[in-house]
There are 2 protein chains.
Amino acid sequence: MDFARHDFSQSLRNAGLRVTVPRLAVLTAMAEGSPHVDADAIAEAMRARIGDVPRQTVYNVLRAFLEAGLVRRIEPAGSRGLYELRVGDNHHHVVCRRCGATADIDCVAGRAPCLEPEETGGFLIDEAEVTFWGLCPACRGLTSEGGDATGRRESATNHIGRGESDVG
Amino acid sequence: MDFARHDFSQSLRNAGLRVTVPRLAVLTAMAEGSPHVDADAIAEAMRARIGDVPRQTVYNVLRAFLEAGLVRRIEPAGSRGLYELRVGDNHHHVVCRRCGATADIDCVAGRAPCLEPEETGGFLIDEAEVTFWGLCPACRGLTSEGGDATGRRESATNHIGRGESDVG
DNA sequence: GTCTGTTACTTGACATAGTCAAATCTAGTC
DNA sequence: GACTAGATTTGACTATGTCAAGTAACAGAC
(Lines give C-alpha, C1' and ligand atoms only; values in the text may rest on other atoms or scores of the structure.)
Protein backbone atom coordinates (compact mmCIF):
# COMPACT_ATOMS: atom_id res chain seq x y z
CA MET A 1 0.00 0.00 0.00
CA ASP A 2 2.67 2.41 -1.09
CA PHE A 3 0.80 4.22 -3.81
CA ALA A 4 0.66 7.56 -1.99
CA ARG A 5 3.36 7.01 0.55
CA HIS A 6 5.71 9.47 -0.99
CA ASP A 7 3.19 12.30 -1.01
CA PHE A 8 2.32 11.75 2.61
CA SER A 9 5.97 11.56 3.59
CA GLN A 10 6.51 14.88 1.89
CA SER A 11 3.52 16.40 3.65
CA LEU A 12 4.91 15.32 6.99
CA ARG A 13 8.36 16.68 6.23
CA ASN A 14 6.91 19.93 4.98
CA ALA A 15 5.06 20.24 8.26
CA GLY A 16 8.30 19.70 10.15
CA LEU A 17 7.28 16.25 11.36
CA ARG A 18 9.23 13.02 11.26
CA VAL A 19 7.97 10.33 8.93
CA THR A 20 6.85 7.27 10.87
CA VAL A 21 4.74 4.25 10.12
CA PRO A 22 1.83 5.25 12.40
CA ARG A 23 1.73 8.75 10.96
CA LEU A 24 1.64 7.52 7.39
CA ALA A 25 -1.08 5.07 8.38
CA VAL A 26 -3.18 7.82 9.94
CA LEU A 27 -2.86 10.01 6.85
CA THR A 28 -3.71 7.12 4.56
CA ALA A 29 -6.69 6.11 6.69
CA MET A 30 -8.01 9.67 6.67
CA ALA A 31 -7.46 10.13 2.96
CA GLU A 32 -9.15 6.87 2.03
CA GLY A 33 -11.92 6.88 4.62
CA SER A 34 -14.85 9.19 5.01
CA PRO A 35 -14.01 12.91 5.26
CA HIS A 36 -14.90 13.13 8.95
CA VAL A 37 -13.59 10.34 11.14
CA ASP A 38 -13.20 9.85 14.87
CA ALA A 39 -10.08 8.53 16.60
CA ASP A 40 -11.62 5.10 16.94
CA ALA A 41 -12.36 4.76 13.25
CA ILE A 42 -8.83 5.87 12.45
CA ALA A 43 -7.42 3.27 14.83
CA GLU A 44 -9.52 0.59 13.20
CA ALA A 45 -8.38 1.57 9.73
CA MET A 46 -4.77 1.59 10.93
CA ARG A 47 -5.23 -1.86 12.44
CA ALA A 48 -6.24 -3.23 9.05
CA ARG A 49 -3.16 -1.63 7.55
CA ILE A 50 -0.27 -1.98 9.97
CA GLY A 51 -1.65 -4.17 12.76
CA ASP A 52 -2.71 -3.27 16.25
CA VAL A 53 -1.99 0.29 17.36
CA PRO A 54 -2.26 1.66 20.90
CA ARG A 55 -5.02 4.19 21.33
CA GLN A 56 -2.50 6.59 22.76
CA THR A 57 -0.51 6.52 19.53
CA VAL A 58 -3.56 7.54 17.56
CA TYR A 59 -4.17 10.48 19.89
CA ASN A 60 -0.49 11.43 19.84
CA VAL A 61 -0.40 11.43 16.06
CA LEU A 62 -3.63 13.36 15.74
CA ARG A 63 -2.46 15.95 18.23
CA ALA A 64 0.81 16.38 16.34
CA PHE A 65 -1.14 16.79 13.09
CA LEU A 66 -3.45 19.32 14.72
CA GLU A 67 -0.55 21.37 15.98
CA ALA A 68 1.12 21.21 12.58
CA GLY A 69 -2.09 22.25 10.86
CA LEU A 70 -2.34 19.05 8.84
CA VAL A 71 -5.79 18.18 10.13
CA ARG A 72 -8.72 19.98 11.67
CA ARG A 73 -10.79 18.78 14.58
CA ILE A 74 -14.49 19.40 15.02
CA GLU A 75 -16.72 18.30 17.81
CA PRO A 76 -20.43 18.60 17.13
CA ALA A 77 -22.43 18.64 20.38
CA GLY A 78 -23.13 15.15 21.63
CA SER A 79 -20.55 13.45 19.47
CA ARG A 80 -16.92 12.55 19.83
CA GLY A 81 -14.18 14.52 18.17
CA LEU A 82 -14.02 14.22 14.41
CA TYR A 83 -10.92 14.83 12.31
CA GLU A 84 -10.75 15.99 8.72
CA LEU A 85 -7.99 16.64 6.22
CA ARG A 86 -9.71 19.67 4.73
CA VAL A 87 -7.91 22.58 6.30
CA GLY A 88 -7.08 26.10 5.25
CA ASP A 89 -10.54 27.16 4.21
CA ASN A 90 -13.14 28.12 6.75
CA HIS A 91 -15.88 25.71 5.77
CA HIS A 92 -18.68 24.62 8.09
CA HIS A 93 -20.55 21.41 8.79
CA VAL A 94 -23.99 19.95 8.75
CA VAL A 95 -24.83 17.10 11.09
CA CYS A 96 -27.78 14.72 10.94
CA ARG A 97 -29.71 14.69 14.21
CA ARG A 98 -30.71 11.11 13.66
CA CYS A 99 -27.66 9.20 12.47
CA GLY A 100 -24.83 11.67 13.08
CA ALA A 101 -23.80 11.80 9.42
CA THR A 102 -21.59 14.82 8.82
CA ALA A 103 -20.92 16.76 5.65
CA ASP A 104 -19.09 19.93 4.71
CA ILE A 105 -20.86 23.18 3.93
CA ASP A 106 -18.86 25.74 2.03
CA CYS A 107 -18.37 29.06 3.74
CA VAL A 108 -19.34 32.02 1.62
CA ALA A 109 -16.68 34.21 3.16
CA GLY A 110 -13.99 31.57 2.86
CA ARG A 111 -11.95 32.89 5.75
CA ALA A 112 -12.47 33.35 9.50
CA PRO A 113 -14.44 34.91 10.98
CA CYS A 114 -17.13 34.62 8.31
CA LEU A 115 -19.73 36.22 10.54
CA GLU A 116 -19.36 39.33 12.64
CA PRO A 117 -21.95 39.85 15.37
CA GLU A 118 -23.22 43.37 15.87
CA GLU A 119 -22.56 43.23 19.59
CA THR A 120 -19.61 41.11 20.73
CA GLY A 121 -19.95 41.73 24.46
CA GLY A 122 -16.36 42.93 24.56
CA PHE A 123 -14.96 39.71 23.12
CA LEU A 124 -12.29 39.84 20.42
CA ILE A 125 -13.69 37.35 17.92
CA ASP A 126 -11.50 35.54 15.41
CA GLU A 127 -13.66 32.66 14.30
CA ALA A 128 -17.32 31.90 13.76
CA GLU A 129 -17.93 28.18 13.89
CA VAL A 130 -21.21 27.23 12.27
CA THR A 131 -22.84 23.84 12.68
CA PHE A 132 -26.04 23.18 10.79
CA TRP A 133 -28.40 20.60 12.25
CA GLY A 134 -31.03 18.67 10.38
CA LEU A 135 -31.67 15.40 8.63
CA CYS A 136 -29.43 13.77 6.07
CA PRO A 137 -30.85 12.59 2.76
CA ALA A 138 -31.16 9.01 4.00
CA CYS A 139 -32.92 9.96 7.24
CA ARG A 140 -35.31 12.36 5.56
CA GLY A 141 -37.11 9.35 4.20
CA LEU A 142 -37.61 7.93 7.70
CA THR A 143 -39.14 10.93 9.48
CA SER A 144 -42.46 9.18 10.12
CA GLU A 145 -40.60 6.69 12.29
CA GLY A 146 -40.51 8.96 15.34
CA GLY A 147 -38.29 11.68 14.04
CA ASP A 148 -38.55 15.10 15.67
CA ALA A 149 -36.72 17.43 13.39
CA THR A 150 -38.49 20.39 14.96
CA GLY A 151 -37.60 19.58 18.54
CA ARG A 152 -34.33 19.36 20.40
CA ARG A 153 -31.58 17.39 18.84
CA GLU A 154 -31.58 13.69 19.45
CA SER A 155 -28.76 12.11 21.36
CA ALA A 156 -26.06 11.69 18.77
CA THR A 157 -24.31 8.73 20.33
CA ASN A 158 -24.57 6.74 17.15
CA HIS A 159 -21.40 5.60 15.51
CA ILE A 160 -20.50 8.68 13.62
CA GLY A 161 -18.58 7.74 10.56
CA ARG A 162 -20.64 4.65 10.00
CA GLY A 163 -23.46 6.75 8.69
CA GLU A 164 -21.14 9.20 7.04
CA SER A 165 -22.64 11.05 4.18
CA ASP A 166 -20.70 11.53 1.01
CA VAL A 167 -22.59 14.55 -0.09
CA GLY A 168 -19.85 16.97 0.87
CA MET B 1 -34.95 30.48 50.32
CA ASP B 2 -38.57 30.58 49.22
CA PHE B 3 -38.59 33.95 47.52
CA ALA B 4 -39.10 32.60 44.05
CA ARG B 5 -40.31 29.14 44.90
CA HIS B 6 -43.83 29.77 43.76
CA ASP B 7 -42.73 30.98 40.31
CA PHE B 8 -40.50 27.97 39.78
CA SER B 9 -43.22 25.62 40.99
CA GLN B 10 -45.58 27.15 38.49
CA SER B 11 -42.99 26.85 35.73
CA LEU B 12 -42.60 23.16 36.49
CA ARG B 13 -46.33 22.57 36.55
CA ASN B 14 -46.81 24.49 33.34
CA ALA B 15 -44.20 22.24 31.76
CA GLY B 16 -46.09 19.18 32.95
CA LEU B 17 -43.44 18.28 35.52
CA ARG B 18 -43.88 17.40 39.16
CA VAL B 19 -42.60 19.86 41.69
CA THR B 20 -39.77 18.34 43.72
CA VAL B 21 -37.05 19.69 45.95
CA PRO B 22 -34.17 18.83 43.58
CA ARG B 23 -35.95 20.39 40.63
CA LEU B 24 -36.63 23.61 42.45
CA ALA B 25 -33.01 23.66 43.61
CA VAL B 26 -31.75 23.26 40.05
CA LEU B 27 -33.95 26.08 38.79
CA THR B 28 -32.88 28.33 41.64
CA ALA B 29 -29.21 27.52 41.12
CA MET B 30 -29.48 28.29 37.43
CA ALA B 31 -31.41 31.51 37.96
CA GLU B 32 -29.02 32.82 40.58
CA GLY B 33 -25.76 31.57 39.12
CA SER B 34 -24.02 32.53 35.91
CA PRO B 35 -26.09 32.20 32.74
CA HIS B 36 -24.14 29.18 31.47
CA VAL B 37 -23.42 26.47 34.01
CA ASP B 38 -22.29 22.88 33.80
CA ALA B 39 -23.84 19.97 35.69
CA ASP B 40 -21.07 20.03 38.25
CA ALA B 41 -21.57 23.69 39.11
CA ILE B 42 -25.29 23.09 39.43
CA ALA B 43 -24.66 20.17 41.77
CA GLU B 44 -22.39 22.34 43.88
CA ALA B 45 -24.96 25.12 44.10
CA MET B 46 -27.62 22.59 45.05
CA ARG B 47 -25.38 21.17 47.74
CA ALA B 48 -25.13 24.58 49.37
CA ARG B 49 -28.90 24.85 49.25
CA ILE B 50 -30.39 21.44 50.03
CA GLY B 51 -27.40 19.31 51.00
CA ASP B 52 -25.64 16.58 49.08
CA VAL B 53 -27.26 15.52 45.82
CA PRO B 54 -26.33 12.49 43.71
CA ARG B 55 -24.81 13.38 40.40
CA GLN B 56 -27.38 11.18 38.72
CA THR B 57 -30.18 13.32 40.11
CA VAL B 58 -28.68 16.41 38.56
CA TYR B 59 -28.47 14.73 35.19
CA ASN B 60 -32.00 13.35 35.54
CA VAL B 61 -33.41 16.76 36.38
CA LEU B 62 -31.52 18.48 33.59
CA ARG B 63 -32.66 15.89 31.08
CA ALA B 64 -36.27 16.34 32.17
CA PHE B 65 -35.89 20.11 31.83
CA LEU B 66 -34.34 19.72 28.40
CA GLU B 67 -37.17 17.52 27.21
CA ALA B 68 -39.71 19.95 28.64
CA GLY B 69 -37.98 22.88 26.98
CA LEU B 70 -37.22 24.62 30.26
CA VAL B 71 -33.48 24.78 29.64
CA ARG B 72 -31.16 24.67 26.67
CA ARG B 73 -27.91 22.75 26.46
CA ILE B 74 -24.84 23.86 24.56
CA GLU B 75 -21.54 22.11 24.25
CA PRO B 76 -18.68 24.22 22.89
CA ALA B 77 -15.92 22.02 21.50
CA GLY B 78 -13.53 20.92 24.20
CA SER B 79 -15.79 21.79 27.10
CA ARG B 80 -18.41 19.96 29.08
CA GLY B 81 -22.12 20.54 28.50
CA LEU B 82 -23.44 23.92 29.62
CA TYR B 83 -27.03 24.63 30.53
CA GLU B 84 -28.88 27.92 30.28
CA LEU B 85 -32.37 29.14 31.13
CA ARG B 86 -32.59 31.38 28.09
CA VAL B 87 -34.74 29.41 25.68
CA GLY B 88 -37.19 30.29 22.97
CA ASP B 89 -34.99 32.65 21.04
CA ASN B 90 -32.27 31.42 18.75
CA HIS B 91 -29.33 33.27 20.24
CA HIS B 92 -25.72 32.19 19.82
CA HIS B 93 -22.61 32.08 21.98
CA VAL B 94 -19.11 33.40 22.15
CA VAL B 95 -16.47 31.40 23.99
CA CYS B 96 -13.09 32.57 25.20
CA ARG B 97 -10.29 30.35 23.90
CA ARG B 98 -8.21 31.05 26.95
CA CYS B 99 -10.47 30.80 30.00
CA GLY B 100 -13.63 29.28 28.56
CA ALA B 101 -15.85 32.20 29.56
CA THR B 102 -19.11 32.05 27.66
CA ALA B 103 -21.53 34.82 26.76
CA ASP B 104 -24.66 35.15 24.68
CA ILE B 105 -24.70 36.76 21.27
CA ASP B 106 -28.07 37.86 19.97
CA CYS B 107 -29.21 36.30 16.74
CA VAL B 108 -30.27 38.78 14.12
CA ALA B 109 -32.88 36.45 12.69
CA GLY B 110 -34.24 35.52 16.08
CA ARG B 111 -35.52 32.13 14.99
CA ALA B 112 -33.94 28.95 13.63
CA PRO B 113 -32.38 28.48 11.22
CA CYS B 114 -30.89 31.95 11.11
CA LEU B 115 -28.54 31.01 8.28
CA GLU B 116 -29.38 29.11 5.13
CA PRO B 117 -26.45 27.65 3.22
CA GLU B 118 -26.57 27.89 -0.54
CA GLU B 119 -25.82 24.22 -0.93
CA THR B 120 -27.11 21.88 1.79
CA GLY B 121 -25.82 18.64 0.32
CA GLY B 122 -29.30 17.21 0.46
CA PHE B 123 -29.69 17.79 4.18
CA LEU B 124 -32.95 19.23 5.53
CA ILE B 125 -31.63 21.92 7.84
CA ASP B 126 -33.64 23.26 10.76
CA GLU B 127 -31.03 24.98 12.90
CA ALA B 128 -27.79 26.87 12.44
CA GLU B 129 -25.76 26.78 15.62
CA VAL B 130 -23.12 29.49 15.70
CA THR B 131 -20.28 29.56 18.17
CA PHE B 132 -17.92 32.51 18.07
CA TRP B 133 -14.39 31.96 19.34
CA GLY B 134 -12.05 34.60 20.58
CA LEU B 135 -10.82 36.28 23.73
CA CYS B 136 -12.97 37.63 26.52
CA PRO B 137 -12.43 41.17 27.81
CA ALA B 138 -10.33 39.93 30.74
CA CYS B 139 -8.08 37.73 28.60
CA ARG B 140 -7.59 40.36 25.92
CA GLY B 141 -5.34 42.13 28.36
CA LEU B 142 -3.15 39.05 28.74
CA THR B 143 -2.46 38.21 25.11
CA SER B 144 1.27 38.84 25.42
CA GLU B 145 1.43 35.90 27.82
CA GLY B 146 1.51 33.32 25.06
CA GLY B 147 -1.93 33.74 23.63
CA ASP B 148 -2.49 32.56 20.08
CA ALA B 149 -5.73 34.11 19.04
CA THR B 150 -4.87 33.52 15.40
CA GLY B 151 -4.05 29.85 15.71
CA ARG B 152 -6.10 26.86 16.67
CA ARG B 153 -8.14 27.07 19.80
CA GLU B 154 -6.40 26.27 23.01
CA SER B 155 -7.45 23.24 24.98
CA ALA B 156 -10.50 24.44 26.79
CA THR B 157 -10.26 22.16 29.78
CA ASN B 158 -10.45 25.05 32.19
CA HIS B 159 -13.27 25.11 34.66
CA ILE B 160 -15.89 26.74 32.57
CA GLY B 161 -18.32 28.60 34.77
CA ARG B 162 -15.57 29.72 37.09
CA GLY B 163 -14.38 32.22 34.54
CA GLU B 164 -17.88 33.01 33.42
CA SER B 165 -18.23 36.37 31.83
CA ASP B 166 -21.15 38.60 32.67
CA VAL B 167 -20.94 40.63 29.54
CA GLY B 168 -23.90 38.92 27.87
C1' DG C 1 27.21 2.15 7.18
C1' DT C 2 26.85 3.31 12.02
C1' DC C 3 26.49 6.49 15.88
C1' DT C 4 23.87 9.55 18.52
C1' DG C 5 20.41 12.85 20.08
C1' DT C 6 15.90 13.93 19.67
C1' DT C 7 11.47 12.72 18.66
C1' DA C 8 7.89 9.37 18.51
C1' DC C 9 5.76 5.15 20.20
C1' DT C 10 4.12 2.06 23.75
C1' DT C 11 2.40 0.67 28.15
C1' DG C 12 -0.42 1.26 31.97
C1' DA C 13 -2.73 4.10 35.08
C1' DC C 14 -5.84 7.67 35.68
C1' DA C 15 -9.59 11.49 34.79
C1' DT C 16 -13.77 13.40 33.11
C1' DA C 17 -18.35 13.42 31.85
C1' DG C 18 -21.46 11.26 31.43
C1' DT C 19 -25.26 6.70 30.94
C1' DC C 20 -27.82 2.41 32.57
C1' DA C 21 -30.54 -0.43 35.61
C1' DA C 22 -32.86 -1.55 39.68
C1' DA C 23 -34.57 -0.37 44.17
C1' DT C 24 -36.67 3.07 46.94
C1' DC C 25 -39.20 7.17 47.76
C1' DT C 26 -42.78 10.75 47.08
C1' DA C 27 -46.00 14.24 44.76
C1' DG C 28 -50.29 14.36 43.19
C1' DT C 29 -54.83 12.25 42.83
C1' DC C 30 -58.84 9.95 44.44
C1' DG D 1 -54.92 7.95 54.11
C1' DA D 2 -53.87 4.86 50.20
C1' DC D 3 -52.45 4.28 45.67
C1' DT D 4 -49.55 4.82 41.63
C1' DA D 5 -46.87 6.93 38.17
C1' DG D 6 -43.10 9.47 38.16
C1' DA D 7 -38.81 11.05 40.55
C1' DT D 8 -34.77 10.10 43.27
C1' DT D 9 -31.02 7.34 44.85
C1' DT D 10 -27.43 3.88 44.65
C1' DG D 11 -23.85 1.65 42.41
C1' DA D 12 -21.80 -0.05 38.44
C1' DC D 13 -20.41 0.85 34.01
C1' DT D 14 -18.99 3.22 29.40
C1' DA D 15 -16.84 6.44 26.31
C1' DT D 16 -13.36 9.48 25.34
C1' DG D 17 -9.95 11.11 26.37
C1' DT D 18 -5.00 12.68 29.21
C1' DC D 19 -0.54 11.88 31.91
C1' DA D 20 3.90 9.93 32.91
C1' DA D 21 7.74 7.02 32.26
C1' DG D 22 10.28 3.77 29.70
C1' DT D 23 11.49 2.01 25.03
C1' DA D 24 12.10 2.30 20.04
C1' DA D 25 13.36 4.48 15.82
C1' DC D 26 14.03 8.52 12.58
C1' DA D 27 17.22 11.66 10.67
C1' DG D 28 21.42 14.11 10.50
C1' DA D 29 26.53 13.94 11.27
C1' DC D 30 30.52 11.53 10.65
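Letters go in sequence order (proteins before strands), and every chain restarts at 1.
When side chains are defined from C-beta on, B:Glu32 counts as touching B:Arg49, because their heavy atoms get closer than 4.5 Å.
Partners of B:Thr131 under the side chain to side chain contact (heavy atoms under 4.5 Å, CB included) rule, at least two apart in sequence or in another chain, are A:Glu129, B:Val95, B:Trp133. A search for salt bridge (charged side-chain N to carboxylate O under 4.0 Å, His left out) contacts involving B:Arg47 returns B:Asp52, not counting sequence neighbours. When the side chain to side chain contact (heavy atoms under 4.5 Å, CB included) test is applied to B:Val19, the partners found at least two apart in sequence or on another chain are B:Ser9, B:Leu12, B:Arg13, B:Leu24. Residues passing the salt bridge (charged side-chain N to carboxylate O under 4.0 Å, His left out) test with A:Glu44, sequence neighbours excluded: none. Under the rule for a side chain to side chain donor-acceptor pair (under 3.5 Å), B:Glu119 has no partner lying at least two apart in sequence or in another chain.
Here C:dC9 presents its P atom at 14 Å from CD1 of A:Ile42, a figure rounded to the nearest Å. In this structure, the CD atom of A:Glu75 is 11 Å from the P atom of D:dT16, given to the nearest Å. Distance B:Arg47 CZ to D:dT9 C1': 15 Å, rounded to the nearest Å.
Contact check on B:Asp126 versus A:Arg97 returns a salt bridge, with a Lys/Arg side-chain nitrogen under 4.0 Å from an Asp/Glu carboxylate oxygen. The residues B:Asp106 and B:Arg86 are annotated as salt-bridged, a charged nitrogen and a carboxylate oxygen being separated by less than 4.0 angstrom.
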Base-contact (B) and sugar-phosphate-only (S) positions in nucleotides 21-30 of chain C, heavy-atom cut-off under 4.0 Å, - elsewhere: -----BBS--

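Put simply, B:Arg63 has a side-chain N or O that comes within less than 4.0 Å of OP1 or OP2 on C:dT19.
Between atom NE2 of residue A:His92 and atom SG of residue A:Cys107 there is a gap of 3.5 Å, rounded to the nearest 0.5 Å. One distance of note links CZ of A:Phe132 with CG of B:Leu124; it measures 13.0 Å at 0.5 Å rounding.
Across all strands, A:Pro22 comes closer than 4.0 Å only to sugar-phosphate atoms, never to a base (heavy-atom distances).
For residues 58-68 of chain A, no residue pair satisfies the salt bridge (Lys or Arg N to Asp or Glu O under 4.0 Å) rule, not counting sequence neighbours.
Which of C:dT10, C:dA8, D:dT9 sits closest to the side chain of B:Val53 comes down to D:dT9.
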Are there any protein N/O atoms within less than 3.5 Å of an N/O atom in nucleotides 15-17 of chain C, and if so, which ones and at what distance?
unit_1	atom_1	unit_2	atom_2	d
C:dA17	OP1	B:Arg80	NE	2.8
C:dA17	OP1	B:Arg80	NH2	2.9
C:dA17	OP2	B:Arg80	NH1	3.4
C:dA17	OP2	B:Arg80	NH2	2.9

Between the protein and nucleotides 2-4 of chain C, list every N/O to N/O distance that falls short of 3.5 Å.
none

